[in-house]
Amino acid sequence: MRRGGEKLALVQIISQQSIGADIFELTLEAPVDLRVFPYEPGQFLHIRVTDSFDFLLRRPLSLCKVDLIKNHLSVVYRVQGQGTRRLAAKRAGEILDVLGPLGHGYPKHKDDRAALLIGGGIGVPPLVELARQLRQDAQSVHTVVGFQTKAQAILVSELETYGPVTVVTNDGSLGNHGLVTDVLTQAFCADFDRYYACGPTPMLQAVQRRLSEWQLPGYLSLEERMGCGIGICVGCVHKISRNGRIAQLKTCKEGPVFDAQEVVFT
Amino acid sequence: MRRGGEKLALVQIISQQSIGADIFELTLEAPVDLRVFPYEPGQFLHIRVTDSFDFLLRRPLSLCKVDLIKNHLSVVYRVQGQGTRRLAAKRAGEILDVLGPLGHGYPKHKDDRAALLIGGGIGVPPLVELARQLRQDAQSVHTVVGFQTKAQAILVSELETYGPVTVVTNDGSLGNHGLVTDVLTQAFCADFDRYYACGPTPMLQAVQRRLSEWQLPGYLSLEERMGCGIGICVGCVHKISRNGRIAQLKTCKEGPVFDAQEVVFT
Amino acid sequence: MPASGCFAFGREVAAFYDLNRLGAIVVKATTLDERQGNETPRLAETPAGMLNSIGLQNPGVLRVIDEELPYLQQYDRLPVIVNVAGTAIEDYVQVVERLSQVNAVAAIELNISCPNVKCGGIQFGTDKQMAANMVRAIKQVAKVPVIVKLSPNVTDIVEMAVACEEAGADALSLINTLIGMQIDIEKRRPLLANGVGGLSGPAVKPIAVRMVYEVSSAVNIPVIGIGGIMFGADAVEFLMAGASAVQVGTANFVDPFACVRIIDELGAWCDAHGVRSVIELIGAAKGERGVVRS
Amino acid sequence: MPASGCFAFGREVAAFYDLNRLGAIVVKATTLDERQGNETPRLAETPAGMLNSIGLQNPGVLRVIDEELPYLQQYDRLPVIVNVAGTAIEDYVQVVERLSQVNAVAAIELNISCPNVKCGGIQFGTDKQMAANMVRAIKQVAKVPVIVKLSPNVTDIVEMAVACEEAGADALSLINTLIGMQIDIEKRRPLLANGVGGLSGPAVKPIAVRMVYEVSSAVNIPVIGIGGIMFGADAVEFLMAGASAVQVGTANFVDPFACVRIIDELGAWCDAHGVRSVIELIGAAKGERGVVRS
Ligand SMILES: Cc1cc2nc3c(=O)[nH]c(=O)nc-3n(C[C@H](O)[C@H](O)[C@H](O)COP(=O)(O)OP(=O)(O)OC[C@H]3O[C@@H](n4cnc5c(N)ncnc54)[C@H](O)[C@@H]3O)c2cc1C
Ligand SMILES: Cc1cc2nc3c(=O)[nH]c(=O)nc-3n(C[C@H](O)[C@H](O)[C@H](O)COP(=O)(O)OP(=O)(O)OC[C@H]3O[C@@H](n4cnc5c(N)ncnc54)[C@H](O)[C@@H]3O)c2cc1C
Ligand SMILES: Cc1cc2nc3c(=O)[nH]c(=O)nc-3n(C[C@H](O)[C@H](O)[C@H](O)COP(=O)(O)O)c2cc1C
Ligand SMILES: Cc1cc2nc3c(=O)[nH]c(=O)nc-3n(C[C@H](O)[C@H](O)[C@H](O)COP(=O)(O)O)c2cc1C
Ligand code: FES
Ligand code: FES
């Protein structure tokens with residue numbers, strides 16, 4: 001069942017910029033016409049970093065920003081291993097083999113008034129376009145982002161254009177000292193209709209536990225190793241409790257964004 | 001036993017030029033100081049076309065020309081498969097991983113007066129520097145080169161700077177019509193002290209047979225698939241009759257140039 | 001050109017092209033009961049290949065019949081081959097019995113070679129007596145041709161192939177994955193949650209070509225070549241080694257269009273080489289030279 | 001870190017660096033009589049690997065003793081391990097007897113796994129009874145430790161390993177090459193003159209790591225890891241899988257400095273990770289998770 005946007009395309013790199021310690025923003029021609037196939041924040045692109053067999057599998061990177069007029073997209077990524085290192089060596093003008101946008105992003109709730117966005121580390125990028133779209137729907141947006149240290153803090157000013165941003169760092173080098181969950185007190189959370197989280201698994205787990213206590217509904221964007229990105233290898237599953245049973249659902253196809261209530265951590 | 005020149009080096013590409021149908025001349029910084037380690041025509045460079053595991057093995061390419069002042073070397077090669085295709089995509093300024101010069105080239109015979117050089121197709125390149133060195137030793141040089149067709153004829157004018165050149169093409173589109181051996185009549189060969197041949201195996205075999213009839217001594221440069229290029233994999237052997245027995249000698253180390261009398265074709 | 005077990009049940013790829021363009025489709029391994037598969041990580045990238053330890057996740061034969069096969073029936077020119085797995089002969093027999101009641105199934109592929117399940121199918125794939133028993137049992141209940149998928153993790157694949165042929169197999173497909181492991185040296189433990197996984201992709205192609213060459217020389221039933229096919233030229237290589245058809249696995253993960261691209265490339269290769277039918281290519285590499293079997 | 005059979009007899013690499021920097025050297029397979037090896041082409045490149053069908057070309061044990069080993073004796077800190085091959089137990093025994101008369105030999109590596117000779121060593125490498133007989137016979141004549149090099153072309157390498165251990169092997173080394181084939185589709189025949197050849201290089205690393213992991217869990221003698229090691233990190237992977245040492249083969253062909261580079265990279269990795277001795281790494285990946293053997 002084609003959802004509309006999945007497409008395999010060779011697109012041009014518009015720009016590649018270093019925006020933090022080993023963190024890059026890569027802007028691309030969009031593989032699809034974004035006005036015809038509007039993408040959901042939380043969806044991802046599945047990128048071939050070279051055509052060499054050394055990097056046989058594609059790398060999933062979340063959509064971060066969109067330029068509807070130029071039909072450009074950007075992703076923000078950290079150099080994690082050899083594949084992202086190779087990607088970081090690419091320059092404007094080079095051609096990239098891109099599949100996507102793929103997956104289910106964050107659903108829309110038009111009647112909500114106040115959204116809480118929670119991001120950790122390299123999980124922050126998808127929140128940027130999410131914040132923009134939520135503001136477009138006239139919701140208020142408050143974002144809480146956590147980083148290891150100041151040098152890794154990214155996209156804060158972008159997020160500030162859509163509403164207040166609370167920054168937390170593990171070492172206190174920027175904003176509050178501690179973890180994002182330290183900010184998520186009952187009083188703080190009382191004002192929101194819903195939350196939207198993306199970040200490392202331990203953070204998601206802590207956020208889920210904390211916010212289910214305060215009975216705040218929300219969404220988690222999960223990260224699993226992916227093969228195909230389109231649902232045919234069944235490599236990327238996560239335990240999801242749905243319709244009274246726990247199933248291993250594909251994060252590339254049924255996710256990566258799931259209703260926080262459904263996500264089972266083991 | 002180090003012969004002097006073998007070296008592993010990262011060298012810069014000085015230029016890459018198309019000089020025929022799918023044939024390129026690649027000029028490099030020399031990996032060694034050529035005035036300290038003068039190389040022998042017939043030696044080769046062993047080149048890594050990329051650091052990808054897709055092309056794990058190096059490619060052997062014969063030295064063609066030398067610029068002692070700039071300390072540059074050139075190789076001339078035909079795009080044969082994926083590896084040479086990859087090499088052809090490299091541009092001036094890029095860095096190449098090069099091992100060499102390797103192997104035994106054409107020996108010198110200072111007392112000779114007239115040399116016959118015989119080249120076929122992509123076997124012609126090593127003859128260029130050979131001709132130059134023979135002329136330097138005050139020998140006269142006559143070259144016979146054979147090509148499939150005119151579009152593949154290369155390095156003829158370079159060779160003409162050192163002496164007369166007889167061109168033969170299989171289809172008659174340039175020079176004589178036929179095979180190089182058609183030129184090698186007894187009368188034609190009578191004037192030479194020695195011959196030096198490089199080319200495809202069937203040509204070498206025909207040349208060896210013909211010129212042994214006319215009792216002209218000479219050398220053949222053999223082509224076998226190589227692994228290491230330095231004598232440790234024992235992949236590149238050819239049957240050589242020496243000291244009364246036939247042994248499988250390594251063309252990378254004991255060759256690629258052998259005394260024509262010793263080479264056994266099966 | 002048929003596609004292999006790395007295609008789920010076809011729905012996802014149908015978003016990219018018309019499945020009627022395929023020679024056939026081999027759906028994901030189907031077991032008697034639903035299986036959740038192994039823990040994650042289930043995938044690792046290796047030099048020119050990948051490891052997987054999916055562990056036969058599938059909804060079970062009844063739901064496959066009810067929910068998946070009807071979808072594929074809309075493709076009228078697409079023979080559907082169902083890959084069957086299990087842990088005991090009785091499981092296999094029951095699955096095949098159920099599938100035999102469904103028109104939509106053109107053939108059964110017996111997966112006696114999956115390396116990713118505890119006490120799993122691979123015993124059948126490494127013991128020729130067990131394999132032969134299995135094939136005989138299945139042939140009694142199957143109403144469609146039975147293809148036996150062989151494991152490369154054996155000392156002598158020819159022996160296995162001959163045993164399956166003698167037991168009545170209609171065709172053989174090979175190879176399944178080789179058992180491998182990758183270690184996450186930062187975490188100091190195997191990267192896959194399951195420890196070991198199945199190696200596939202271009203890295204295994206030379207092993208697969210060798211086995212296809214040997215097996216097709218020893219049996220009289222058709223052999224389907226599998227292992228590391230990425231381009232049309234790879235398919236040509238398998239055909240020349242003696243395969244009558246090929247399956248494409250890992251390549252689909254890299255390029256959703258892989259199967260149809262490879263079909264096109266194969267056609268273009270044949271045109272450029274004056275080959276009128278791929279049948280001319282089958283076993284073409286066997287003529288001239290005797291090959292030493294060591 | 002010792003180097004493997006892809007090093008000839010050391011002379012050539014000695015042109016690039018001081019062989020004393022190596023942990024040991026394993027010289028090319030030595031047979032009783034001189035062997036000319038197979039016809040060419042003997043080499044083919046494959047995805048992330050290569051095939052070879054050298055066919056044990058070597059000057060025979062007497063000339064190895066007379067011409068090659070004396071050269072290596074100038075390297076006073078370099079234990080010399082001689083890889084021994086043959087076609088019958090008696091051949092092996094005679095070679096080992098001859099080598100036992102020479103001081104220069106620190107250990108024998110029994111190559112019961114070379115896939116490249118007709119009626120060759122590989123039978124010993126795929127039949128546990130034959131392997132055990134061989135090891136027992138050799139242990140009777142050998143005056144130095146005997147390392148048995150195992151073939152990966154078997155259904156159950158653990159069974160082979162245990163049989164060799166019980167027969168008295170002092171150590172095991174694994175893996176030798178996997179049997180593979182490449183077809184030259186233009187010429188329509190196998191690319192190697194010998195048809196099949198041995199697959200080595202990064203492509204086989206996941207298989208080798210898995211086998212080292214399994215074997216080192218099952219035996220009490222040291223295991224030497226081999227297969228696709230190109231970088232220091234690969235050596236770390238083998239050590240964590242349970243190897244006590246590693247050998248580097250194909251990498252020497254790509255980079256003559258491979259062995260010393262890998263030693264340096266391994267040292268740097270240890271420094272960066274607070275590891276004082278590589279001994280700390282041996283088997284480190286085995287702690288936390290039980291690994292499913294399928
Ligand atoms: C849905 C999704 C969205 C993502 N979005 C982003 C993003 O916006 N920015 C960003 O920096 N990263 C993102 N990641 C993580 C990113 O995909 C990995 O960091 C990247 O693939 C690592 O590749 P590598 O070659 O550098 O690492 P290597 O370790 O060399 O990769 C080897 C293999 O492991 C996989 N892998 C390695 N680490 C991870 C990981 N943490 N998660 C999943 N697979 C991994 C790779 O894809 C590859 O197949 C996302 C992951 C998922 C699943
Ligand atoms: C001593 C020597 C000198 C040479 N000098 C030249 C030269 O000056 N100019 C030139 O154009 N060519 C030369 N060749 C041939 C050249 O090395 C091959 O054409 C080239 O390696 C092909 O690589 P590829 O990746 O394009 O082909 P592929 O077929 O993709 O290569 C696959 C593998 O096969 C080997 N191979 C393929 N064809 C040959 C061949 N004909 N001979 C040896 N190995 C081969 C490659 O090295 C590689 O390992 C020489 C070969 C030798 C042995
Ligand atoms: C993720 C994954 C899942 C697989 N699942 C199955 C399966 O369910 N049944 C089966 O017989 N083979 C299965 N295989 C094996 C493939 O069908 C194929 O035999 C193997 O991957 C080699 O081919 P390739 O190199 O083209 O991938 C699977 C392979 C992969 C990579
Ligand atoms: C060209 C070549 C020659 C080899 N010769 C021998 C040999 O003589 N004896 C032996 O035991 N192994 C031999 N091997 C196998 C290697 O020692 C090693 O086990 C195998 O190549 C895997 O390691 P690698 O991937 O690091 O090359 C040879 C391998 C190659 C590639
Ligand atoms: S990545 Fe293949 S199914 Fe999700
Ligand atoms: S190429 Fe390795 S010995 Fe000649």
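Reminder, nothing fancy here: chain letters follow the sequence lines and each chain counts from 1. All heavy atoms count here, side chains included; hydrogens, waters and symmetry mates do not.
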Value rounded to 0.5 Å, distance of [atom1] in [X] from [atom2] in [Y]:
| X | Y | atom1 | atom2 | answer |
| --- | --- | --- | --- | --- |
| B:Lys7 | D:Phe16 | NZ | CZ | 11.0 Å |
| B:Ile232 | D:Asn252 | CD1 | CG | 5.0 Å |
| D:Phe253 | B:Leu57 | CZ | CG | 8.5 Å |
| B:Met226 | D:Leu43 | CE | CG | 10.0 Å |

D:Phe9 versus chain B, the contacting section by heavy-atom distance below 4.5 Å: neither

Heavy-atom cut-off 4.5 Å, strictly under: side chain, backbone, both or neither for B:Glu224 against chain D?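 For B:Glu224, the side chain is the part near chain D, not the backbone.
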
Where on B:Arg225 is there a heavy atom nearer than 4.5 Å to chain D: the side chain, the backbone, both, or neither? both

Got more than 12 heavy atoms from elsewhere within 6.0 Å of [atom1], [X]?
| X | atom1 | value |
| --- | --- | --- |
| D:Asp76 | CG | yes |
| B:Lys150 | NZ | no |
| B:Gln261 | CD | no |

Any B:Lys250 side-chain heavy atom under 4.5 Å of D:Glu12 side chain: yes

Within a strict 4.5 Å, meaning less than it, do heavy atoms of the B:Leu56 and D:Pro47 side chains meet?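 No, side chains not in contact.
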
Are B:Gln248 and D:Asn38 close enough, and set up right, to give a side-chain contact (heavy atoms from CB on, under 4.5 Å), and what steps lead you there? CA-CA 9 Å; B:Gln248 296 260 40; D:Asn38 294 321; over 6 Å; no

For chain D, find which of [options] contributes the most heavy-atom pairs closer than 4.5 angstrom.
| options | result |
| --- | --- |
| B:Ile230, B:Val237, B:Asp97 | B:Val237 |
| B:Cys236, B:Ala247, B:Gly83, B:Cys233 | B:Cys233 |
| B:Leu99, B:Asp54, B:Thr266 | B:Leu99 |

Any salt bridge between B:Arg59 and D:Glu45, counting N to O under 4.0 Å? yes

Run the side-chain contact (heavy atoms from CB on, under 4.5 Å) test on D:Arg42 and B:Val234 for me, step by step, so that the C-alpha distance in whole Å, both residues' side-chain angles and the decisive distance to 0.1 Å come before the verdict. CA-CA 9 Å; D:Arg42 293 177 171 187; B:Val234 202; 3.8 Å; yes

Apply side-chain contact (heavy atoms from CB on, under 4.5 Å) to D:Met230 and B:Phe53, showing your working. CA-CA 10 Å; D:Met230 304 295 284; B:Phe53 290 162; 3.9 Å; yes

Which residues satisfy the ring pair (Phe, Tyr, Trp, His ring centres under 6.0 Å) test with D:Phe231, sequence neighbours excluded?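 With sequence neighbours excluded, D:Phe231 shows a ring pair (Phe, Tyr, Trp, His ring centres under 6.0 Å) to no residue whatsoever.
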
For D:Ala8 versus B:Gly231, what's the shortest heavy-atom pair and its separation?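 In terms of heavy atoms, the two residues are closest at CB-O, 3.9 Å.
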
Residues two or more places apart in sequence or in another chain: which of them pass side chain to side chain contact (heavy atoms under 4.5 Å, CB included) with B:Asn170? B:Gln148, B:Leu179

Worked verdict on D:Thr40 versus B:His238 for side-chain contact (heavy atoms from CB on, under 4.5 Å): CA-CA 8 Å; D:Thr40 59; B:His238 195 96; 5.7 Å; no

